[in-house]
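The structure under discussion appears below in the form of structure tokens.
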Amino acid sequence: MTALVPPAQWAVYAEFIAETTRRGIPFAVGGGLAVSAYSDCVRNTKDMDIYIMEQHSAEVMAISRELRFTEYTAVPYDPTWSYRSFRDGYILDFLWKMLNGRTSVDETWVTRGWELKVRGSSFRLLPVEELIWSKLYILRNDRADWPDIISLLYARGAEMEWDRLLADLDEDRLLLGGVVGVLRWLCPGHVCRFPESIWAPLGLVPPWSDAPEIDRDRVALMKGEHLFPGGLP
């Protein structure tokens, strides 16, 4: 992960991480950094997404101002669920709700993810289940996060807490089924490692146990080599 964020950029983020940790405010890092850590599909990140519970939003915004961050208004954002700040050209996004209002950040979001250490700064990532959930609804002309979800599922689908994710999704489970269905088509043998109990709730037929791990012809049709760690040889 040290190669993902340049030292000067990380120094800015590290100040916030250190001060927020010192004050005992729970938070979790999402976005490109979390996707890269969980999936091993490393990609550059121009900002950092910080997930917090709403009751801590005012204090976190105050911390950012104390650390010489200013509000970033060059691109409009919705202050009812987020706050955008920047310093030295680097952006920190604070989020306490999904952008579509589907749910709010709670204790699970900020306490159950991986712990990561980068250049001496220790912090927690957004859990992979919540990371997938938060990206599921982003499917627009100018941005689609389903490729990130496919990479996350490929890397972590066999070990995820599916029961919790499916319960949280409720009637939106079929939407996740759309993404899982694409991965099932690309990697039919690989998804055999997923729990058998997920297929019916997702509205999908279970994969054949003797299917190829990865169907490389299908991956080629999608030009989807980037979805897998290191690409496919």
Side-chain angles (χ1 to χ4, degrees), residues 1 4-5 13 16-17 20-21 24-43 45 47-57 60 81-83 92-118 121-139 144-180 183 190-191 193-195 197-198 201-202 227-229:
M1 292 298 105
L4 185 62
V5 184
Y13 296 156
F16 171 82
I17 290 171
T20 308
T21 301
I25 300 172
F27 69 93
V29 175
L33 184 61
V35 171
S36 296
Y38 282 123
S39 71
D40 290 329
C41 294
V42 177
R43 60 179 175 82
T45 179
D47 56 15
M48 180 176 282
D49 291 345
I50 305 290
Y51 287 81
I52 56 175
M53 290 183 283
E54 188 168 5
Q55 63 262 38
H56 297 132
S57 58
V60 166
W81 57 267
S82 63
Y83 178 76
L92 279 178
D93 278 330
F94 305 111
L95 307 105
W96 52 89
K97 290 181 181 178
M98 281 189 183
L99 61 87
N100 59 5
R102 194 73 174 88
T103 193
S104 298
V105 174
D106 61 22
E107 189 174 0
T108 298
W109 290 56
V110 297
T111 61
R112 296 185 66 162
W114 282 7
E115 290 188 39
L116 198 65
K117 188 171 185 177
V118 177
S121 298
S122 297
F123 54 94
R124 194 172 291 276
L125 298 176
L126 198 67
V128 67
E129 295 84 3
E130 279 68 28
L131 185 59
I132 288 171
W133 190 13
S134 68
K135 288 178 166 291
L136 187 59
Y137 307 98
I138 302 175
L139 190 63
D145 280 8
W146 282 24
D148 282 347
I149 298 176
I150 290 172
S151 296
L152 290 166
L153 289 168
Y154 178 83
R156 303 296 161 197
E159 63 194 48
M160 284 169 37
E161 294 185 40
W162 282 97
D163 288 347
R164 187 176 94 243
L165 178 57
L166 292 175
D168 286 337
L169 284 169
D170 194 21
E171 61 186 20
D172 299 341
R173 290 176 295 183
L174 294 182
L175 183 60
L176 179 59
V179 193
V180 175
L183 180 61
H190 182 80
V191 299
R193 300 186 182 93
F194 293 7
S197 60
I198 72 170
L202 292 174
L227 299 171
F228 307 97

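Remark: Arg156 engages Glu159 in a side-chain hydrogen bond (donor to acceptor under 3.5 Å, both in side chains) (not counting sequence neighbours).
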Original post:
Does the side-chain contact (heavy atoms from CB on, under 4.5 Å) test come out yes or no for Thr103 and Asp168, once each step is laid out?
Top reply: CA-CA 9 Å; Thr103 193; Asp168 286 337; over 6 Å; no
Original post:
Do Ile52 and Tyr83 pass the side-chain contact (heavy atoms from CB on, under 4.5 Å) test, and can you show the C-alpha distance, the side-chain angles, and the key distance before you say yes or no?
Top reply: CA-CA 11 Å; Ile52 56 175; Tyr83 178 76; over 6 Å; no
**OP:** Begin with the C-alpha distance, continue with both residues' side-chain angles, and end with the deciding distance and a verdict on salt bridge (charged side-chain N to carboxylate O under 4.0 Å, His left out) for Arg112 and Glu161.
**Re:** CA-CA 11 Å; Arg112 296 185 66 162; Glu161 294 185 40; 2.8 Å; yes
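Contact check for Trp109 versus Trp133: side-chain heavy atoms found under the 4.5 Å cut-off. The side-chain heavy atoms of Leu95 and Ile50, taken from C-beta on, include no pair separated by under 4.5 Å. Contact of the Phe27 side chain with the Thr21 side chain is registered, since non-hydrogen atoms from C-beta on lie closer than 4.5 Å. At least one side-chain heavy atom of Asp172 sits less than 4.5 Å from a side-chain heavy atom of Tyr137. Side-chain contact check for Leu227 versus Tyr154: every heavy-atom pair is 4.5 Å or farther apart. With a 4.5 Å cut-off on side-chain heavy atoms, Glu130 and Met98 do not count as touching. By the 4.5 Å heavy-atom criterion applied to side chains, Leu202 and Leu176 are counted as neighbours. The shortest side-chain heavy-atom distance between Leu183 and Val191 falls under the 4.5 Å cut-off.
Going from atom CG of Leu166 over to atom OG of Ser197 covers 7.5 Å, rounded to the nearest 0.5 Å. To the nearest 0.5 Å, atom CG of residue Leu126 and atom OG1 of residue Thr108 are 10.5 Å apart. Here CG of Leu153 is found 4.5 Å from CD1 of Ile132. Values are rounded to the nearest 0.5 Å. Note that CG of Leu131 is 7.5 Å distant from CG of Asp148, once rounded to the nearest 0.5 Å. Here Tyr51 contributes atom OH and Trp96 contributes atom CH2; the two are 12.5 Å apart, rounded to the nearest 0.5 Å. We find the CG-CG distance between Leu175 and Leu139 to be 8.0 Å, quoted to the nearest 0.5 Å.
By the 6.0 Å contact criterion, CD on Gln55 is enclosed, its count of non-hydrogen atoms from other residues, nucleotides or ligands being greater than 12.
Contact record, Ser39 with Ala155: CA-CB, 3.7 Å, taken as the closest heavy-atom pair. Residue Tyr38 comes nearest to Gly113 through the heavy atom pair OH-CA, 3.6 Å, listed as atom of the first residue, atom of the second, then distance. When every heavy atom of Val42 is checked against every heavy atom of Ser36, the shortest pair comes out as CA-OG, 3.7 Å. A pairwise comparison of heavy atoms in Val105 and Met53 identifies O-CG, 3.7 Å as the closest pair. The minimum heavy-atom distance between Asp40 and Ala37, with the atom names listed, is OD1-O, 3.9 Å.
Less than 6.0 angstrom separates the ring centroid of Phe16 from the ring centroid of Phe94.
Judged purely by atom type and a 3.5 angstrom limit, Arg124 has no side-chain atom pairing as donor or acceptor with the backbone of Ala28. When atom types are taken as modelled, the side chain of His56 and the backbone of Pro26 share no donor-acceptor pair closer than 3.5 angstrom. Between the side chain of Trp114 and the backbone N or O of Val128, no donor-acceptor pair lies under 3.5 Å. Trp146 places a side-chain N or O within donor-acceptor distance of the main-chain N or O of Leu136, the cut-off being under 3.5 Å.
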